[in-house]
Structures are given as C-alpha cells and as structure tokens.
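Input: a single structure, listed below in structure tokens.
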2 protein chains.
Amino acid sequence: MGGPAAAPNANDGHLRITYDEIHVTIGQTAQRIKEQFDPDIMVAIGGGGFFPARVLRTFLKRVSTADGKRRNIPIQAIGLSLYEEVGEADGANGLAMEEKLGKEVIRTQWLDFSTLGNRPLIGRRILIVDEVDDSRTTLGYAVTELKKDIQAQFDKLSAEKKAELPETKLAIFVVHNKLKEKRAEIPEDVSYFSGADIPDVWVDYPWEQEDILLHNAVASQQRAMGQTLEAAASQ
Amino acid sequence: MGGPAAAPNANDGHLRITYDEIHVTIGQTAQRIKEQFDPDIMVAIGGGGFFPARVLRTFLKRVSTADGKRRNIPIQAIGLSLYEEVGEADGANGLAMEEKLGKEVIRTQWLDFSTLGNRPLIGRRILIVDEVDDSRTTLGYAVTELKKDIQAQFDKLSAEKKAELPETKLAIFVVHNKLKEKRAEIPEDVSYFSGADIPDVWVDYPWEQEDILLHNAVASQQRAMGQTLEAAASQ
C-alpha cells in the first residue's frame, strides 16, 4: 500500500537528473551518432524513450537534397513492458496469461507496417532509443524482434532488389547505460551509443516527478555536494 | 537554404517556454483531467505529444484494486504529419503522391490493434495528447479517425456485449491551445483540456532547441521583462 512518500533529501541515495542535464547529454551524444551512424529512422521504446527520441530528433535533422531545408527524421514508437511493471490497466487487454509469466517482455505496441511503406526496414539505418539500459531485457527483445522482421522482409525481395538496396543497419541509443550484469547481449553488428555509462545507482528522472521544482532543488543541492553521475561512476 | 540562425534575443517575438514551466502546467491540468475524465489509456500524437504524454502519465497513475499499488496507464503512440512538414526522409516510404497533396494529414503510425487486445477501444476513456492545438488539423483528423475505429469495433459486438460495456469516451489534452481560427471542429461529446489558452504567438518549445541553456537564459530574461503567456494572452 505505502503511505505518502517520504520527503526527499539529498542523501537518500537517489541521484536526481534534471531535464537540462539530460538534454545536454543527448545533444553531445547526437554528434557521435550523426558522425558514426547517421540514422534515417528512429524507433522509440515507450514510455521512457519518448523524451530522448523527441530531443534527439532536433539534433539529427537531415538536409534535404530537394530543397536544402533541414528535415526531421521519422520516429516510430513501440511499447514494451516487463510483466512486473504492467498493472491491471493493461490486464484487461486480452493477453493470455502464459504471455505474462515471469519477467517476459510484453509488446503493447509495435511498428505500423501499414504506414511505413513497401520497404519499411530494409536498406535503412534504424536507431532504437530508450532512456536507460538497465537489465537490457527490453532492449534485447527489441533488437531480436526487429532483426526477425528485417530478415523476413529481406527474404521476400527479388535477388535484384537485394543487391540494389544498401545494407540495413541497427543501432541503439540510451541516455544512461548502467554498468551491471545484463540479461541479454547486443549483437556485434548493432552499434551502441550511451549518453553516459553509470554505476548501478538509483536515478530519478524528471518526467517521473510530481514536484519538478523540488526535484531540481534537490538535484542542485546534490551537485553542490559533489553528487554527480561522474563522481558516482568513479567510486 | 538559410545561413546560421540569428542569435536569439528576448525581443524577437519568440516566447521561450522551459521544461519546468511545461511540466508544472501539465501537473496542474492533470488534476482537472483526473477529476473530470479519469482516462484509462492515452493516445500520444508523435512527436509533439510524446513529452506531454510521458509527463502526464506520472500524474495520472491509477490505484490498482488488485494490490493497492499506483500503476501507469498505457500509452499508445500515433504519428500524424501535415504534408508540408514531411521531408524526403519520409518521401521514400512508398506513399502515393496523391496522399500527399495539399495540406492533408499523413499517418506515419496508427494504433496497434494486434497488441491492444480484443476490445481495444470500446468501453474505454481515451485521452488524445498533443503539445499544441494550432490549426487543429491533426487533432481533428485524430478524433475523426478514432471515432471511425470505435464505431467499427462497436458494430461488431453482440447486443449483449454492447449493453454490458461502459460508454466509450474521448477527450483531448494539449499543453497549449492557440486562440485562432481552426480548420476542424471538436465534436461536443469529446472533452477538451488545455494547459493554457494562448494568443497566436510564436512559441519555442524546449525539445526543439539545440542550446537548451541559452533557451533557458532567454526565457528567464523574458520573464523578467514581463513576457509571459499570461501577459501575451491579455494583450
């Protein structure tokens, strides 16, 4: 049940991160992503990937060869949850109980191939976006399932078409990668970008906060006390 | 083409809004939404609706009858663009030219009914979320198309089932509603919540900024000079 949450204090072990800090981290990483991968579509894992994907899009605009204007790259959203995170609001959605057992990943939304056109994934540079790489369970699932879809689409092409299209590339961007044991591996042909590699500390993200001004005030206290991601990482 | 953008100044007619201001606006509106509508699913219009939907979810958690814990309500994403906003990155997606003519709305993603279960929309309280209601073109499209889907799903139910399920309700939440001529009407049975009704001024949102610290600095100057949404609204 749990009563009202305890008043936050700067020494409770939760490292507060502000919107501005995350925005800056995304901007810095965007330069690397642009140089080393240059995606032409993003797949945002909701809800955590929504904010990073929207901000990243600002930094990853591509110059159109048609009119020289800088254009947004498209974002597709997918919804993935671990069973333990899914409450009764999802429980009535008609999923079979077997699909929910254990800590399996539940798809609440997938790519919409009806709108993605006739070669939705093949030949593209696809960047998967999420807030944090924790146990890697959902990211691992996303990569595995996208690879299956790509292979299935590729198999349907003619030999001519297969030779003509550029190689399909997958990459991952997460704002934070927690340095801890992972439950899935990222295949070697998938590029990996993290805004920061961080220790396995409890991070409070701004979009999870009811009182954003208090969150910022405590974050500011923490920085003054030397509590930063960098400091945590070097401990 | 355009060279580098001119250095921003507080009197250039762009009203800068910060993450914190938007977060607070969403939190305040969430109380009204909870009391008057209490949604059990959100439909976020990407990319602008991604941030508001993610923040709003924090304020709209529902207490589970199963274990008393506060749970997130699910978010489905849809992608809608006006043709004028769509660049060549989307141009290769196989859409027919006729679909792009004029200022028609282009679906880049729709609800994923394969994961939404066997009564995906019927009997639910569905909140459509976007950043700003400008010409109302995309919001009008979203409402019309969702209503079509709801009617089609309703028509397939047995008379018994129809009587048993609660009424399906639609509502809209936008962070800002621009007070201007609209190109679409919101039907009377659709509730409408805006964080703020604002004049038709140019608003710069934080997630569109490459330099967030400069954005905040200019926003702060503007507030000191009395440039606020409230002041703009009363002019």
Side-chain angles (χ1 to χ4, degrees), chain A residues 1-2 18-20 23-24 27 40-41 44 46-48 50-51 53-55 57-59 62 64-66 68-69 71-77 79 85-95 106-112 114-120 206-213 216, chain B residues 1-2 18-20 23-24 27 40-41 44 46-48 50-51 53-55 57-59 62 64-66 68-69 71-77 79 85-95 106-112 114-120 206-213 216:
Chain A
M1 302 293 185
T18 68
Y19 282 122
D20 297 340
H23 190 110
V24 169
D40 55 19
I41 186 168
F50 284 169
F51 176 70
R54 178 60 193 84
V55 175
R57 190 166 78 166
T58 294
F59 292 96
R62 294 160 66 89
S64 162
T65 51
K69 286 189 184 161
R71 302 283 195 183
N72 284 325
I73 64 173
I75 302 175
Q76 285 266 318
E85 296 168 354
V86 177
E88 61 162 8
D90 273 346
N93 284 353
L95 291 165
I106 299 174
R107 280 187 191 201
T108 58
Q109 183 165 24
W110 197 243
L111 300 178
D112 186 347
S114 72
T115 56
L116 269 172
N118 54 12
R119 59 165 188 93
W207 46 81
E208 298 164 349
Q209 307 310 313
E210 296 210 349
D211 189 337
I212 193 67
L213 302 180
N216 291 347
Chain B
M1 305 296 182
T18 68
Y19 282 122
D20 297 341
H23 191 109
V24 168
D40 55 19
I41 185 168
F50 284 170
F51 176 70
R54 179 59 193 84
V55 175
R57 190 167 78 167
T58 294
F59 291 96
R62 294 161 66 91
S64 163
T65 50
K69 287 190 184 159
R71 301 284 193 182
N72 285 324
I73 64 174
I75 302 176
Q76 285 266 316
E85 296 168 353
V86 176
E88 62 161 11
D90 273 346
N93 285 354
L95 290 166
I106 300 176
R107 280 186 190 200
T108 58
Q109 182 165 23
W110 198 245
L111 300 178
D112 186 348
S114 72
T115 55
L116 269 172
N118 55 12
R119 59 164 188 95
W207 46 81
E208 299 164 348
Q209 308 308 313
E210 296 210 350
D211 189 335
I212 192 67
L213 302 180
N216 291 346

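Quantities reported herein were computed from a predicted structural model and do not represent experimental measurements.
Taking the side chain as every heavy atom from C-beta outward, A/R57 and B/E208 never approach each other to under 4.5 Å.
Counting all heavy atoms, side chain and backbone alike, B/H23 lies closest to A/Y19 at ND1-OH, 2.7 Å. Looking at every heavy atom in both residues, A/Q109 comes nearest to B/W110 through NE2-O, 3.4 Å.
Contact annotation for B/D211: neither backbone nor side-chain heavy atoms come within less than 4.5 Å of a heavy atom of chain A.
The line from CD of B/Q209 to CG of A/D20 is 11.5 Å long, rounded to the nearest 0.5 Å.
In this structure, A/F51 and B/F51 have tilted ring planes: the angle between them lies in the 30° to 60° band.
Between chain A and the residues B/P206, B/S114, B/G47, the largest count of heavy-atom pairs under 4.5 Å involves B/G47. For chain A, the option among B/I212, B/I75, B/T18, B/I41 with the highest count of heavy-atom pairs below 4.5 Å is B/I212.
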